[in-house]
Trainee: 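To start, I am sharing the structure in question, which I have written as structure tokens.
Since we're looking at a predicted model, the values are computed, not measured.
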Amino acid sequence: MDQSHASSPLAGAVHDLATEVVLALRSGDHLATVCGAAGIDEDNRTAIAAVRVIGADLLLPSVLYGRDPHPGDIAVLQRAVLEFPPRPDASDAAVWSHWGMTSALHRTAAATAPGQPPAVHGTDEPNAAWLEQTPWQAFTHQLSVLAPLAVPAASSAVHRAAAHRVVDLSRGFVRAVRRRNWLQAAGAGRWLAALDGRPDSLGLDRGLDFVELMGGADPRVALHVRAARLTAEGRAR
């Protein structure tokens, strides 16, 4: 791990975990445990905090490939949800991110253990009205933070807000690329790959190629770009 990735134990754990998710997305190896490959278990609090950062994307390979996630990954995501609930003063994005993890666990429980109550309770959607009047620059930033919600498995109020502001999101994608904010560009591009109505002039496919080329050393950028491509391929079938 180079010095930038080792700047803190949490940063290193996030880097390693995101790398394993990317490898799973590239290989389609749904039998491997993402957390096990990254050396993460339920007793490592730093690693659990890294799972909180990655959020529902921990289960993304199983979602996009239509396979049951590894029980170890489910257990670790449950632990992250329980260990790191949103604080009373948490941002709207943090609340929605936590909801995304909880929702992913409920979908997993319904698919893998019908009739069995999930270990984590509560899937009521938070309020998303704040997204309606948010300027397009801030809207793009918030949506990029919430890129783990851009999955075909479930809709949400955030997804619906994005669908109503595709042009704004497209503008934000271009702005992020021009500002060399590769992580924001990748997150916005992931949303755009999941939505209809983007301008033909946007050139999303070429844009994502450029984002990956320039920012792909960051595994979170690579994760969003790969997720965008798999989502677009699934919608095209």
Side-chain angles (χ1 to χ4, degrees), residues 1-27 29-64 69-105 108 119-120 141-151 176 180-187 190 211-212 214-227:
M1 186 181 299
D2 64 31
Q3 187 173 0
S4 64
H5 296 149
S7 58
S8 73
L10 177 57
V14 170
H15 178 272
D16 292 347
L17 181 58
T19 298
E20 293 302 331
V21 174
V22 171
L23 290 174
L25 289 174
R26 287 175 175 166
S27 69
D29 185 5
H30 59 277
L31 296 178
T33 165
V34 171
C35 290
I40 292 176
D41 59 50
E42 294 180 71
D43 297 323
N44 186 330
R45 188 169 174 81
T46 299
I48 297 300
V51 173
R52 177 64 187 87
V53 173
I54 295 297
D57 275 343
L58 183 70
L59 304 185
L60 184 63
S62 62
V63 170
L64 293 181
H70 191 281
D73 292 341
I74 296 173
V76 170
L77 187 60
Q78 289 176 337
R79 180 69 179 272
V81 168
L82 295 172
E83 287 282 330
F84 296 99
R87 299 191 306 267
D89 61 345
S91 67
D92 292 309
V95 173
W96 268 101
S97 177
H98 189 267
W99 176 88
M101 293 192 296
T102 303
S103 180
L105 288 171
T108 298
V120 175
H141 168 70
Q142 295 295 337
L143 265 290
S144 69
V145 171
L146 296 175
L149 300 183
V151 294
R180 305 176 70 85
N181 188 336
W182 309 122
L183 183 58
Q184 184 176 117
R190 179 173 169 182
V211 170
E212 183 176 38
M214 299 301 293
D218 181 344
R220 296 181 69 187
V221 171
L223 190 164
H224 290 323
V225 171
R226 182 61 180 163

Trainee: I need the minimum non-hydrogen distance between Pro61 and Leu25, along with the two atoms involved.
Mentor: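 What the structure gives for the nearest pair is CA-CD2, 3.8 Å.
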Trainee: Between NE2 of His70 and OG of Ser62, what distance do you get to the nearest 0.5 Å?
Mentor: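 Those atoms lie 11.5 Å apart.
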Trainee: Show, in sequence, the C-alpha distance, side-chain angles and deciding distance for Arg220 and Asp218, and conclude whether the salt bridge (Lys or Arg N to Asp or Glu O under 4.0 Å) test is met.
Mentor: CA-CA 5 Å; Arg220 296 181 69 187; Asp218 181 344; 5.6 Å; no
Trainee: Could you go through Leu143 and Leu149, starting from their C-alpha distance and side-chain angles, then the distance that decides it, and tell me whether this counts as side chain to side chain contact (heavy atoms under 4.5 Å, CB included)?
Mentor: CA-CA 9 Å; Leu143 265 290; Leu149 300 183; over 6 Å; no
Trainee: Any side-chain heavy atom of Leu58 sitting closer than 4.5 Å to one from Ile74?
Mentor: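 No, their side chains stay 4.5 Å or more apart.
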Trainee: I need the minimum non-hydrogen distance between Ala80 and Ile48, along with the two atoms involved.
Mentor: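 Heavy atoms of Ala80 and Ile48 come nearest at CA-CG2, 3.5 Å.
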Trainee: For residues Gln184 and Ala176, report the shortest heavy-atom separation together with the two atoms involved.
Mentor: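 Smallest heavy-atom distance, with atoms named: OE1-CB, 3.9 Å.
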Trainee: Kindly write out the residues that satisfy side-chain hydrogen bond (donor to acceptor under 3.5 Å, both in side chains) with Ser144, not counting sequence neighbours, or none if the list is empty.
Mentor: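 For Ser144 there are no side-chain hydrogen bond (donor to acceptor under 3.5 Å, both in side chains) partners, ignoring immediate neighbours.
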Trainee: With a 3.5 Å distance limit and no angle check, can you tell me whether Thr108 reaches the backbone of Ala104 through a side-chain donor-acceptor pair?
Mentor: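 Confirmed, Thr108 side chain pairs with Ala104 backbone.
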Trainee: As a quick check of understanding, evaluate side chain to side chain contact (heavy atoms under 4.5 Å, CB included) for Val21 and Arg226, giving each step before the final call.
Mentor: CA-CA 10 Å; Val21 174; Arg226 182 61 180 163; over 6 Å; no
Trainee: How long is the gap from CZ on Arg190 to CG on Leu146, to the nearest 0.5 Å?
Mentor: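 One finds 10.5 Å between CZ of Arg190 and CG of Leu146.
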Trainee: If you measure from CD on Glu20 to CG on Leu223, what distance do you get to the nearest 0.5 Å?
Mentor: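 Spacing of CD (Glu20) from CG (Leu223) equals 11.5 Å.
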Trainee: Mind checking what makes side-chain contact (heavy atoms from CB on, under 4.5 Å) contact with Pro71, not counting sequence neighbours?
Mentor: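 Pro71 satisfies side-chain contact (heavy atoms from CB on, under 4.5 Å) with no residue once adjacent residues are dropped.
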Trainee: Could I get the full list of side-chain contact (heavy atoms from CB on, under 4.5 Å) partners for Ala186, not counting sequence neighbours?
Mentor: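 Checked Ala186 against side-chain contact (heavy atoms from CB on, under 4.5 Å); matches are Val211, Val221, His224, Val225.
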Trainee: Take Arg52 and Ser97 through the test side chain to side chain contact (heavy atoms under 4.5 Å, CB included) and record every step on the way to the result.
Mentor: CA-CA 9 Å; Arg52 177 64 187 87; Ser97 177; 3.1 Å; yes
Trainee: State, to 0.1 Å, how close Phe84 and Arg45 come at their nearest heavy-atom pair, and which atoms those are.
Mentor: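 Closest heavy-atom pair between Phe84 and Arg45: CE2-NH2, 3.7 Å.
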Trainee: Write down the atom of Val81, the atom of Met101, and the distance for their closest heavy-atom approach.
Mentor: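 So the minimum-distance heavy-atom pair works out to CG2-CB, 3.7 Å.
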Trainee: When rounded to the nearest 0.5 angstrom, what is the spacing between CZ in Arg87 and NE2 in His98?
Mentor: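 So the CZ of Arg87 and the NE2 of His98 are separated by 12.5 Å.
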Trainee: Measure the spacing between CD1 of Ile54 and CG of Leu77 and express it to the nearest 0.5 Å.
Mentor: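 If we round to the nearest 0.5 Å, Ile54:CD1 and Leu77:CG are 11.5 Å apart.
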Trainee: Find out whether Val51 and Gln78 are in side-chain contact, i.e. whether some heavy atom of one side chain is under 4.5 Å from a heavy atom of the other.
Mentor: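 The answer is no, as the side chains (C-beta and beyond) never meet within the 4.5 Å cut-off.
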Trainee: Can you name the side-chain hydrogen bond (donor to acceptor under 3.5 Å, both in side chains) partners of Glu212, sequence neighbours left out?
Mentor: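 Residues passing side-chain hydrogen bond (donor to acceptor under 3.5 Å, both in side chains) with Glu212: Arg229.
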Trainee: Would you say the side chain of His141 lies within less than 4.5 Å of the side chain of Val145, judging by non-hydrogen atoms?
Mentor: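 SC-SC contact between Val145 and His141 confirmed.
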Trainee: Show the nearest heavy-atom pair for residues Pro148 and Asp57, with the distance to one decimal.
Mentor: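 The pair with the smallest heavy-atom distance is CG-OD2, 3.4 Å.
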